2 protein chains.
Amino acid sequence: MQQTIIDTLKRNQLSITDSRKKILELFAKANGALAHFDIEHQSGAEFDRVTIYRTLQTFVEKGIIHTIPSADNSIRYALCKEDCAGGHHHDDHVHFMCDSCGTTYCLDHVNVPQLDLPKGFRAVQTDVVVSGVCSKCAGA
Amino acid sequence: MQQTIIDTLKRNQLSITDSRKKILELFAKANGALAHFDIEHQSGAEFDRVTIYRTLQTFVEKGIIHTIPSADNSIRYALCKEDCAGGHHHDDHVHFMCDSCGTTYCLDHVNVPQLDLPKGFRAVQTDVVVSGVCSKCAGA
DNA sequence: AACTATTTTGCAACATTGTTGCATTGTATT
DNA sequence: AATACAATGCAACAATGTTGCAAAATAGTT
Ligand SMILES: [Mn+2]
Ligand SMILES: [Mn+2]
Ligand SMILES: [Zn+2]
Ligand SMILES: [Zn+2]
């Protein structure tokens with residue numbers, strides 16, 4: 001696990017630092033997406049807030065994590081799949097936010113659909129965010 | 001126009017106040033969605049920031065406007081169609097944010113698609129936000 | 001292992017966005 | 001016009017995010 005994390009950093013030409021290792025580890029452990037808030041708490045005040053912001057920015061730029069839009073003003077982040085790289089994200093899957101437990105899922109097997117846009121509109125990225133009740137919360 | 005605005009407020013059992021009239025008017029004039037920031041500027045510091053926030057909240061609750069999620073930490077709002085009402089929004093259309101001019105469009109004629117979610121996931125709302133270049137900016 | 005160039009971090013300060021409590025003002029109703 | 005009620009403005013606060021800069025850590029070289 002530690003080795004995978006270090007490999008990921010090296011592959012992206014990032015120097016190996018405590019904060020980067022820790023934050024990547026949190027993403028690997030997490031079963032859903034993480035917001036800045038989650039990371040700040042789960043890392044136990046180990047790093048400065050600013051460092052977390054900058055690390056997240058770096059990871060997004062490198063194609064290690066991707067952002068998930070929301071209507072509640074806190075961006076969530078989740079690990080990318082293999083084929084994302086610097087500046088070129090390919091996370092064309094749907095995201096799901098559970099209203100009950102708050103978890104944000106990457107539905108890796110639900111692809112974002114092709115859309116017929118009005119004449120003249122050119123799509124560069126399509127974000128689909130579904131909210132509702134997740135399978136864990138429905139089963140309970 | 002003024003009459004339509006007053007009618008909308010009355011239909012929703014809202015008292016007629018200067019800020020509500022002005023903000024509704026801004027939405028009626030706007031060709032896209034508006035963020036709090038836009039309203040604060042376009043209304044020329046006529047109202048307190050808090051009043052704008054509360055007015056937007058009220059309008060959302062009444063089904064007069066709907067929110068549009070984003071990954072840039074500022075919620076956008078746009079007028080709902082006829083069939084939205086208190087607590088029951090029916091804005092099942094796609095939204096488009098132009099990377100060039102910044103305008104956010106309601107693509108009223110592009111419906112959000114039906115999705116096959118994994119077993120156990122129940123969708124309550126689906127938001128589709130496309131970003132790219134709008135027809136105005138492409139034409140220029 | 002020590003040296004050095006370059007990156008990263010922590011801190012302070014600030015900006016933006018949004019919320020809450022409460023006294024004052026405005027609106028609707030009689 | 002008087003009253004009951006709702007909306008507003010102000011102050012204070014909270015959460016989220018950004019920037020500049022000095023100190024510390026990292027990576028590559030001797
Ligand atoms: Mn994802
Ligand atoms: Mn819309
Ligand atoms: Zn859940
Ligand atoms: Zn445009």
Side-chain angles (χ1 to χ4, degrees), chain A residues 2 5-26 33-62 64-65 67-77 86 102 104, chain B residues 2 5-26 33-62 64-77 86 97 102 104:
Chain A
Q2 274 295 92
I5 286 172
I6 289 174
D7 283 350
T8 301
L9 291 174
K10 281 190 175 156
R11 194 176 339 115
N12 288 281
Q13 295 143 66
L14 292 172
S15 42
I16 319 293
T17 69
D18 289 348
S19 57
R20 287 176 180 166
K21 277 190 289 184
K22 180 68 179 180
I23 292 176
L24 255 191
E25 192 184 317
L26 289 178
L34 298 175
H36 176 275
F37 178 91
D38 303 318
I39 295 167
E40 195 174 342
H41 281 70
Q42 290 179 30
S43 62
E46 198 174 343
F47 313 107
D48 194 81
R49 276 166 18 85
V50 177
T51 299
I52 297 174
Y53 279 116
R54 291 200 266 230
T55 302
L56 290 172
Q57 248 177 238
T58 303
F59 285 178
V60 169
E61 281 161 15
K62 289 291 187 177
I64 300 172
I65 59 177
T67 60
I68 303 165
S70 78
D72 75 347
N73 280 76
S74 83
I75 301 172
R76 262 139 252 211
Y77 303 85
T104 299
Chain B
Q2 273 296 92
I5 285 171
I6 289 174
D7 283 348
T8 301
L9 291 174
K10 281 190 176 158
R11 189 170 352 107
N12 288 281
Q13 296 144 64
L14 293 172
S15 42
I16 318 294
T17 69
D18 289 348
S19 56
R20 286 174 180 168
K21 276 189 288 185
K22 181 69 181 179
I23 292 176
L24 256 192
E25 192 184 318
L26 288 178
L34 297 175
H36 175 276
F37 177 92
D38 303 316
I39 295 168
E40 194 173 342
H41 281 70
Q42 291 179 32
S43 62
E46 196 174 344
F47 313 106
D48 194 82
R49 278 168 14 85
V50 178
T51 300
I52 297 174
Y53 280 116
R54 290 200 266 232
T55 303
L56 290 173
Q57 250 177 236
T58 303
F59 285 178
V60 170
E61 281 161 16
K62 289 292 186 178
I64 299 172
I65 60 178
H66 60 276
T67 61
I68 302 165
S70 79
D72 76 345
N73 283 77
S74 81
I75 300 172
R76 263 138 256 221
Y77 303 85
M97 300 183 47
T104 299

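Proteins get letters first, then strands, A, B, ... in listed order; numbering begins at 1 in each. Just so you know, these numbers come straight off a predicted model, no measurement behind them.
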Legend entry - Any side-chain heavy-atom pair of B:T51 and B:T17 under 4.5 Å: no

Legend entry - Those residues that, when tested against A:S74, pass side chain to side chain donor-acceptor pair (under 3.5 Å) (two or more places apart): A:R76

Legend entry - Sugar-phosphate only, base, or nothing, as touched by B:E40 at under 4.0 Å among non-hydrogen atoms: nothing

Legend entry - Counterpart residues, side-chain contact (heavy atoms from CB on, under 4.5 Å), relative to A:K10 (two or more places apart): A:I6, A:I16

Legend entry - Protein-nucleotide distance (B:L9, atom CG; D:dA7, atom P), rounded to Å: 11 Å

Inset, instruction - Say whether, by atom type as modelled, one donor and one acceptor occur between the side chain of B:R20 and the main chain of B:T55 under 3.5 angstrom. - result: no

Inset, instruction - Walk along DNA chain C from 5' to 3' and tell me the first and last nucleotide with an atom closer than 4.0 Å to a non-hydrogen atom of chain B. - result: C:dT17 to C:dA28

Legend entry - Closest non-hydrogen atom pair between A:K62 and A:L14, with its separation: CE-CD2, 3.8 Å

Inset, instruction - Name the closest nucleotide to the A:I75 side chain, picking from D:dG17, D:dT16, D:dT8. - result: D:dG17

Inset, instruction - Specify the closest pair of heavy atoms between A:I65 and A:Y77, including all atoms of both residues, with the distance to one decimal. - result: CD1-CD2, 3.7 Å

Inset, instruction - Could you check how far CG of B:L24 sits from P of D:dA7, rounded to whole Å? - result: 14 Å

Inset, instruction - State, to 0.1 Å, how close B:A71 and A:I75 come at their nearest heavy-atom pair, and which atoms those are. - result: O-CD1, 3.0 Å

Legend entry - Nearest-nucleotide 5' precedence on DNA chain C, A:V50 against A:T58: A:T58

Inset, instruction - Just call it for B:N73: base, sugar-phosphate, or nothing, with non-hydrogen atoms closer than 4.0 Å on any strand. - result: sugar-phosphate

Inset, instruction - Look at the side chain of A:R54 and decide which nucleotide, out of D:dT18, D:dC21, D:dT8, has an atom nearest to it. - result: D:dC21

Legend entry - Angle between terminal axes - the helix from C:dA1-D:dT30 to C:dT30-D:dA1, 5 pairs each end, rounded to 10°: 30°

Legend entry - Rounded interatomic separation in angstrom, taking CD from B:Q13 and C1' from D:dA7: 16 Å

Inset, instruction - Return the minimal non-hydrogen interatomic distance between A:I23 and A:F59, and the atom names on each side. - result: CG2-CE1, 4.1 Å

Inset, instruction - Could you encode protein contacts along nucleotides 24-30 of chain D as a string, one character per nucleotide from 5' to 3', using B for base contact, S for sugar-phosphate-only contact and - for no contact, with a heavy-atom cut-off of under 4.0 Å? - result: --SS---

Legend entry - Residue met sooner reading DNA chain D from 5', once B:T55 and A:F37 are mapped to nucleotides: B:T55

Legend entry - A:D48 CG - D:dG17 P separation (whole Å): 15 Å

Legend entry - Length of the line joining B:H36:NE2 and D:dT16:P, which is rounded to integer Å: 18 Å

Inset, instruction - Please examine the side chains of B:Q2 and B:I5, heavy atoms only from C-beta on, and report whether any two atoms are closer than 4.5 Å. - result: yes

Inset, instruction - Have a look at B:R49 and say if it touches a base, only the backbone sugar-phosphate, or nothing, with a 4.0 Å heavy-atom cut-off. - result: base

Output side-chain donor-acceptor pairs under 3.5 Å for residues 38-46 of chain A, partner residues at least two apart or in another chain, one line each.
unit_1, atom_1, unit_2, atom_2, d
A:D38, OD2, A:A35, N, 2.8
A:H41, ND1, A:F37, O, 3.0
A:S43, OG, A:I39, O, 2.8
A:S43, OG, A:E40, O, 3.3

